[in-house]
Amino acid sequence: MKLNSLIKNIKSKFSDQVFFDENLSNYSWFNLGGPAKIIFKPKNLHELSFFLQEIKGFKKIKVLGVGSNTLIRDGGYNGIIIKFGKSFSHLSMLNENTIVAGASVLDKSVSNFALENFVTGLEFLSCIPGSIGGAIRMNSGCYGEDISKILVSVQAIDFDGKIKVIRKEDINFFYRGCNLSDNLIFVSATFKGRKNKKAEIEKKMKDLIEKKKKDQPSQIKTCGSTFKNPNEQKAWKLIKDSGCAGMIVGDAYISKKHCNFFVNKGNAKSEHLEDLINRVRNKVLEKTGISLELEIKIIGEKI
Ligand SMILES: Cc1cc2nc3c(=O)[nH]c(=O)nc-3n(C[C@H](O)[C@H](O)[C@H](O)COP(=O)(O)OP(=O)(O)OC[C@H]3O[C@@H](n4cnc5c(N)ncnc54)[C@H](O)[C@@H]3O)c2cc1C
């Protein structure tokens with residue numbers, strides 16, 4: 001189905017929730033990206049399902065969380081961006097140690113909610129600046145923990161509008177990813193921890209946050225680690241040892257504190273970030289024979 005023929009239909013049926021040609025730079029932590037043809041912000045699951053059935057057959061759809069792992073190209077996105085609002089940010093206790101979280105809840109809110117309910121095991125989420133939807137797709141984690149270790153199930157909707165519950169046992173999670181189809185939109189997830197004393201949970205959270213502050217830069221326009229760590233090696237060290245520290249393209253640079261964090265100084269273009277990524281990858285390959293794999297996602301069209 002052609003996008004233009006969809007637009008008229010969508011405009012008439014979802015006028016409050018659809019936005020056309022809106023710039024995406026506010027949807028990514030890099031603060032970069034051209035316009036999206038359509039942005040859809042569903043009010044609830046029923047509306048999302050109805051929307052997907054209306055556009056059935058059109059597959060150029062991307063869901064965005066808070067964009068802390070996504071570089072959006074300068075040419076924007078020639079398709080439909082789905083962005084969840086408040087109605088997907090619910091949090092509740094299913095039983096004494098099991099939490100259900102909407103896909104747009106911030107990871108740190110889940111961690112705080114677990115603390116308030118004396119549930120341990122979710123403290124690491126306080127160090128990840130994304131949403132639950134993004135965390136599942138990325139199998140996000142740090143300091144030896146990741147989403148796969150606390151997940152019970154994911155509730156998702158496919159591009160045909162069908163709702164599914166997928167159990168953790170049926171998902172293959174790996175380092176910074178999973179095998180769940182790109183045609184699935186996660187709407188909520190269920191996590192399980194263990195009961196513990198509030199003071200102990202709080203201490204663990206504080207320690208992790210402190211550690212994170214020491215290890216990584218903050219208050220900058222970045223999407224965190226650009227490349228995945230290859231087997232047993234650290235990407236930041238390979239980048240540093242290959243002589244890439246200090247490399248600059250336009251207003252895109254590599255953080256001095258953490259060589260795997262690439263940053264928009266203020267006026268970079270996505271093209272500059274992508275150019276910097278390619279240069280670093282080539283240099284590391286040339287010096288070490290290792291081909292770094294991207295951790296961040298790059299979406300959209302080049303100009
Ligand atoms: C300063 C900083 C520090 C970071 N530290 C860490 C860290 O310690 N560990 C770590 O793992 N990551 C880290 N990250 C990366 C990032 O925060 C995580 O990958 C995070 O989970 C991404 O969530 P998001 O909502 O921002 O996802 P987005 O960037 O919006 O999206 C990421 C991917 O998830 C998909 N997605 C998002 N929501 C949904 C949904 N509802 N359904 C289906 N697919 C969806 C998107 O399509 C995209 O493919 C860091 C980033 C920054 C900026």
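The chain is numbered in sequence order, starting from 1.
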With sequence neighbours left out, what residues match Asp275 under side-chain contact (heavy atoms from CB on, under 4.5 Å)?
Val249, Arg279
Are Asp207 and Lys211 close enough, and set up right, to give a salt bridge (Lys or Arg N to Asp or Glu O under 4.0 Å), and what steps lead you there?
CA-CA 6 Å; Asp207 289 350; Lys211 191 165 163 41; over 6 Å; no
Ignoring hydrogens and angles, tell me if any N or O in the side chain of Ser126 forms a donor-acceptor pair with the backbone of Glu123 under 3.5 Å.
yes
So, using side-chain contact (heavy atoms from CB on, under 4.5 Å) as the criterion, who are the partners of Ser255 when residues are at least two apart?
Pro217, Lys257, His258, Phe261, Val263
Is the backbone N or O of Ser148 less than 3.5 Å from a side-chain atom of Lys168, with the two atoms forming a donor-acceptor pair by type?
yes
Is there a side chain to side chain contact (heavy atoms under 4.5 Å, CB included) between Ile55 and Ile10? Walk through the geometry before answering.
CA-CA 8 Å; Ile55 62 160; Ile10 291 174; 3.8 Å; yes
Measure from the side-chain N and O atoms of Ser49 to the backbone N and O of Gly161, and report whether any donor-acceptor pair falls under 3.5 Å.
yes
Would a hydrophobic clustering, with Ile, Leu, Val, Met, Phe, Trp and Tyr connected at side-chain separations under 4.5 Å, put Ile39 with Ile185?
no
When you measure from the side chain of Ser225 to the backbone of Phe227, do you find a donor-acceptor pair of N or O atoms at a distance under 3.5 Å?
no
Nearest heavy-atom contact between Ser87 and Pro42 is OG-O, 4.2 Å
Which residues pass the salt bridge (charged side-chain N to carboxylate O under 4.0 Å, His left out) test with Arg167, sequence neighbours left out?
Asp170
Indicate yes or no: at least one non-hydrogen side-chain atom of Ile254 is less than 4.5 angstrom from one of Val280.
yes
Donor-acceptor pair, distance only, cut-off 3.5 Å: does the side chain of Lys198 make one with the backbone of Leu115?
no
Taken in chain and number order and not counting sequence neighbours, the residues that satisfy salt bridge (charged side-chain N to carboxylate O under 4.0 Å, His left out) with Glu295 are Arg176
Examine the side chains of Lys164 and Gln155 and answer whether a donor and an acceptor come within less than 3.5 Å of each other.
no
Residue Lys234 excluded, over 12 heavy atoms near NZ under 6.0 Å
no
Residue pairs, two or more places apart or on separate chains, that pass ring pair (Phe, Tyr, Trp, His ring centres under 6.0 Å) and touch residues 14-39
Phe14-Phe40, Phe14-Phe50, Phe14-Phe51
Polar side-chain atom of Asn229 near backbone of Ala235 as donor-acceptor pair, under 3.5 Å
yes
Side-chain donor-acceptor pairs of residues 240-247 under 3.5 Å, sequence neighbours excluded:
{"residue": "Asp241", "atom": "OD2", "partner": "Lys237", "partner atom": "NZ", "Å": "2.8"}
{"residue": "Ser242", "atom": "OG", "partner": "Leu238", "partner atom": "O", "Å": "2.6"}

Does Leu122 form a side chain to side chain contact (heavy atoms under 4.5 Å, CB included) with Leu125? I'd like the steps, not just the answer.
CA-CA 6 Å; Leu122 290 78; Leu125 288 174; 4.2 Å; yes
The test is side chain to side chain contact (heavy atoms under 4.5 Å, CB included); show your working for Ile220 and Lys265 and say whether it passes.
CA-CA 8 Å; Ile220 47 170; Lys265 195 173 171 191; over 6 Å; no
My understanding is that a hydrophobic cluster links ILVMFWY residues whose side chain heavy atoms are under 4.5 Å apart, including indirect links. Using that, what else belongs to the cluster containing Val100?
Leu94
Where is the tightest heavy-atom contact between Asp158 and Leu52, given as atom of each residue plus distance?
O-CD1, 3.5 Å
With side chains defined as the heavy atoms from C-beta onward, is the minimum distance between Arg137 and Cys178 less than 4.5 Å?
yes
Enter the distance from Met93:CE to Asn117:CG here, rounded to the nearest 0.5 Å.
4.5 Å
Under 4.5 Å between side-chain heavy atoms, counting indirect links through other Ile/Leu/Val/Met/Phe/Trp/Tyr residues: same cluster for Ile132 and Leu64 or not?
no
Give the cluster check for Val165 versus Phe88: same hydrophobic cluster or not, with ILVMFWY residues linked at side-chain heavy-atom distances below 4.5 Å.
no
Residues, nucleotides or ligands: over 12 heavy atoms within 6.0 Å of Lys269 NZ:
no
Residue pairs fulfilling ring pair (Phe, Tyr, Trp, His ring centres under 6.0 Å) with at least one residue in residues 173-215, sequence neighbours excluded:
none
Pairs in or reaching into residues 91-134: which pass ring pair (Phe, Tyr, Trp, His ring centres under 6.0 Å), with residues at least two apart or in two chains?
none
Can you hop from Leu32 to Ile303 via hydrophobic side chains spaced under 4.5 Å?
no
Taken to the nearest 0.5 Å, the spacing of Ser140 OG from Ile147 CD1 works out to 6.5 Å
Using the side chain to side chain contact (heavy atoms under 4.5 Å, CB included) rule, take Phe58 and Lys60 through it: C-alpha gap first, then chi angles, then the decisive distance, then the call.
CA-CA 6 Å; Phe58 184 81; Lys60 193 156 183 200; 3.7 Å; yes
Quick check against the 3.5 Å criterion: does Ser89 have a side-chain atom that pairs as donor or acceptor with the backbone of Ser104?
no
Indicate if Leu24 and Leu273 have the same hydrophobic cluster label, given that clusters are the connected sets of ILVMFWY residues with side-chain heavy-atom separations under 4.5 angstrom.
no
Just checking, any donor-acceptor pair under 3.5 angstrom between side chains of Asn9 and Glu54?
yes
From His46 NE2 over to Ile163 CD1, what is the distance, rounded to the nearest 0.5 angstrom?
10.0 Å
Polar side-chain atom of Asp160 near backbone of Lys162 as donor-acceptor pair, under 3.5 Å
no
Counterpart residues, side-chain contact (heavy atoms from CB on, under 4.5 Å), relative to Asn31 (two or more places apart):
Asn26, Lys221, Asn264
Measure the spacing between CD1 of Ile136 and CD1 of Ile171 and express it to the nearest 0.5 Å.
7.5 Å
The reported gap from CG in Asp146 to CG in Asn139 (rounded to nearest 0.5 angstrom) is 4.0 Å
How about Lys204: does its NZ atom have over 12 heavy atoms from other parts shown lying under 6.0 Å from it?
yes
May I ask you to decide if Asn260's main-chain N or O and Thr226's side chain share a donor-acceptor pair within less than 3.5 Å?
yes
If you look only at distance, which donor and acceptor atoms sit under 3.5 Å apart when one is on a side chain in residues 71-85 and the other is two or more places apart or in another chain?
{"residue": "Arg73", "atom": "NE", "partner": "Glu274", "partner atom": "OE1", "Å": "2.9"}
{"residue": "Arg73", "atom": "NE", "partner": "Glu274", "partner atom": "OE2", "Å": "3.3"}
{"residue": "Arg73", "atom": "NH1", "partner": "Gly300", "partner atom": "O", "Å": "3.0"}
{"residue": "Arg73", "atom": "NH2", "partner": "Glu274", "partner atom": "OE2", "Å": "2.7"}
{"residue": "Asp74", "atom": "OD1", "partner": "Ser270", "partner atom": "N", "Å": "2.8"}
{"residue": "Asp74", "atom": "OD1", "partner": "Ser270", "partner atom": "OG", "Å": "3.2"}
{"residue": "Asp74", "atom": "OD2", "partner": "Ser270", "partner atom": "N", "Å": "3.3"}
{"residue": "Asp74", "atom": "OD2", "partner": "Glu271", "partner atom": "N", "Å": "2.9"}
{"residue": "Lys83", "atom": "NZ", "partner": "Gly65", "partner atom": "O", "Å": "2.4"}

Rounded distance [0.5 Å steps], CD1 in Ile277 versus NE2 in His272
13.0 Å
Compare every heavy atom of Val110 with every heavy atom of Ala101, then report the nearest pair and how far apart it is.
CB-CG2, 4.0 Å
Any donor-acceptor pair under 3.5 Å linking the side chain of Ser109 with the backbone of Val105?
no
What do you reckon, is CG of Asn231 surrounded by more than 12 foreign heavy atoms closer than 6.0 Å?
no
Which residues satisfy the side-chain contact (heavy atoms from CB on, under 4.5 Å) test with Asn112, sequence neighbours excluded?
Met205
